Amino acid sequence: MIDFFFDIDGTILPFGRPVPRSAVQAIREARAAGNKVFLATGRSEVEVQESIMSIGFDGGVYSAGADIVADGKHIFRKAMTDDEKSFLLSYCRRRGFHVLVQTAEGTYVSQESFDFWRSAMLRYVGTEVELSSIIISDSIPADSPVIKLLYVTDHADQEAIRKDLAGNFSVVGNTEGLPQDMMGEIVMAGITKATGIDCITAHYGDDPMRIAAFGDGANDIEMIERAALGIAMGNASADLKAVADWIAPSVDDDGLKAGIEYVRRLLEPGFSSGSR
């Protein structure tokens, strides 16, 4: 049995287009053969649209590792303390950043910040990222645990931000297609998709040498390194490709199907992509 972990944006889902039918079929066939399939995404669980959830998954690593679901329940969640939340929001305000604040019930964003982010996506990517739980608001309810924050700006030195926030937070490049100096993700220090994989495999008692992970961006690096087989999509960043075990075709060229079949040929006894 193999544990498959899939990033969403740029891996399962091409930017601005539906999930390829070949990807849906390959994921479902892998699961029907007795393997487990999980999402491993920077999105919160409520940000994942039904068209993706309906493919059928055994759980997921959400919010880049800060929220983990298995067996239909949350087995781990790491939220910011009130002091950490206040510090981070104050820091972003001082820097003039637009922010999208990810919580368990949705992503809070002001109208001004939403418009800026939307305009940037249309300019650089040509489309918007479909999220199912955007909440337009100038404030965040006091009782809403903040799991992750995304900043958007005209230009910022990501290395400088990383140094400013070192210790309590980690900063990774955005995975939505914008230039790296325009957008980034801020999560709690020590939280990555790889720690989420560890949490799920420990929950099930699964073999860490039978883990396959698929991704395309900066927040996938740790899980690609952690997996027994780390697969980078053909459209992945150069940094991710450098640590991958195999590079699949791009998401637009049936790359996920090719990657799944590659893994199954190596790790699933008796599997042949031509036997179906």
Side-chain angles (χ1 to χ4, degrees), residues 2-20 22-24 26-27 30-31 36-45 47-49 51-53 55-69 102 125 129-131 148 150 170 172-178 180 183-185 187 191-201 211-260 262-263:
I2 308 164
D3 286 348
F4 286 91
F5 291 85
F6 302 103
D7 172 55
I8 293 180
D9 298 296
T11 301
I12 292 177
L13 183 68
F15 290 109
R17 289 177 297 284
V19 179
S22 63
V24 175
I27 293 171
R31 191 181 189 206
K36 295 194 191 86
V37 297
F38 302 93
L39 292 170
T41 177
R43 299 187 188 206
S44 67
E45 185 181 16
E47 287 177 342
V48 182
Q49 59 264 48
S51 61
I52 293 174
M53 285 298 200
I55 296 171
F57 295 93
D58 294 287
V61 175
Y62 298 102
S63 300
D67 197 14
I68 314 298
V69 174
Q102 197 176 87
V125 184
V129 170
E130 182 186 348
L131 299 177
K148 191 181 80 171
L150 298 92
S170 295
V172 296
N174 87 89
T175 58
E176 295 183 358
L178 295 183
Q180 290 299 303
M183 187 172 182
E185 300 181 7
V187 297
I191 295 294
T192 68
K193 292 182 181 182
T195 60
I197 288 175
D198 288 344
C199 186
I200 283 181
T201 53
I211 295 170
F214 296 71
D216 73 304
N219 69 359
D220 298 317
I221 289 176
E222 292 87 355
M223 79 164 180
I224 293 297
E225 291 179 321
R226 181 65 54 85
L229 284 174
I231 311 299
M233 305 302 289
N235 49 283
S237 66
D239 287 346
L240 190 72
K241 288 179 177 178
V243 301
D245 296 298
W246 193 70
I247 300 172
S250 76
V251 63
D252 291 307
D253 295 323
D254 296 324
L256 196 64
K257 175 179 183 286
I260 291 171
Y262 173 81
V263 170

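Owing to the predicted nature of the structure, the values given are computational and were not obtained by experimental measurement. Reckoned from all heavy atoms, side chains included, excluding hydrogens, waters and symmetry mates.
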*Does any donor atom in the side chain of Gln102 or Glu47 lie under 3.5 Å from an acceptor atom in the other side chain?*
yes
*Mind listing the closest non-hydrogen atom pair of Asn235 and Gly10 along with its distance?*
ND2-O, 2.9 Å
_Any heavy-atom pair between the side chains of Ile52 and Leu39 that's under 4.5 Å?_
yes
*Find out whether Lys193 and Asp220 are in side-chain contact, i.e. whether some heavy atom of one side chain is under 4.5 Å from a heavy atom of the other.*
yes
*Salt bridge between Asp67 and Lys148, side-chain N to carboxylate O under 4.0 Å?*
no
*Non-hydrogen atoms of Ile12 and Pro20 that approach each other most closely*: O-CD, 3.4 Å
*From Asp7, Asp9, Leu13, residue fulfilling side chain to side chain contact (heavy atoms under 4.5 Å, CB included) relative to Thr11*: Asp7
_When you compare the side chain of Leu256 with that of Val251, does any pair of heavy atoms fall below 4.5 Å?_
no
*Looking at Ala64 and Val187, what are the two nearest heavy atoms and their distance?*
CB-CG1, 4.2 Å
_Exercise: identify the closest heavy-atom pair between Ala244 and Ala232_ = CB-CB, 3.6 Å
_Within the structure provided, determine whether Lys36 and Ile2 are in side-chain contact (heavy-atom separation under 4.5 Å)._
no
_Please find the pair of heavy atoms, one from Ala258 and one from Pro249, that lie closest to each other, and give the distance._
CB-CD, 3.7 Å
*Of all the heavy-atom pairs spanning Tyr62 and Ser44, show the shortest one and how long it is.*
CD2-C, 3.9 Å
*asked:* Do Glu222 and Ile197 make a side-chain contact, defined as non-hydrogen atoms from C-beta onward lying under 4.5 Å apart?
replied: no
*Report yes or no: do Thr195 and Asp198 form a side-chain donor-acceptor pair below 3.5 Å?*
no
*Any side-chain donor-acceptor pair under 3.5 Å between Asp254 and Ser22?*
yes
*Find out whether Phe4 and Ile260 are in side-chain contact, i.e. whether some heavy atom of one side chain is under 4.5 Å from a heavy atom of the other.*
yes
*Check the pair Ile221 / Asp239 against side chain to side chain contact (heavy atoms under 4.5 Å, CB included), numbers first and verdict last.*
CA-CA 8 Å; Ile221 289 176; Asp239 287 346; 4.1 Å; yes
_Any non-hydrogen side-chain atom of Val263 less than 4.5 Å from a side-chain atom of Phe214?_
yes
_Using only atom types and a distance under 3.5 Å, with no angle test, would you say the side chain of Thr41 pairs donor to acceptor with the backbone of Arg43?_
yes
*Side-chain contact, heavy-atom cut-off 4.5 Å: Phe5 with Ile200?*
yes
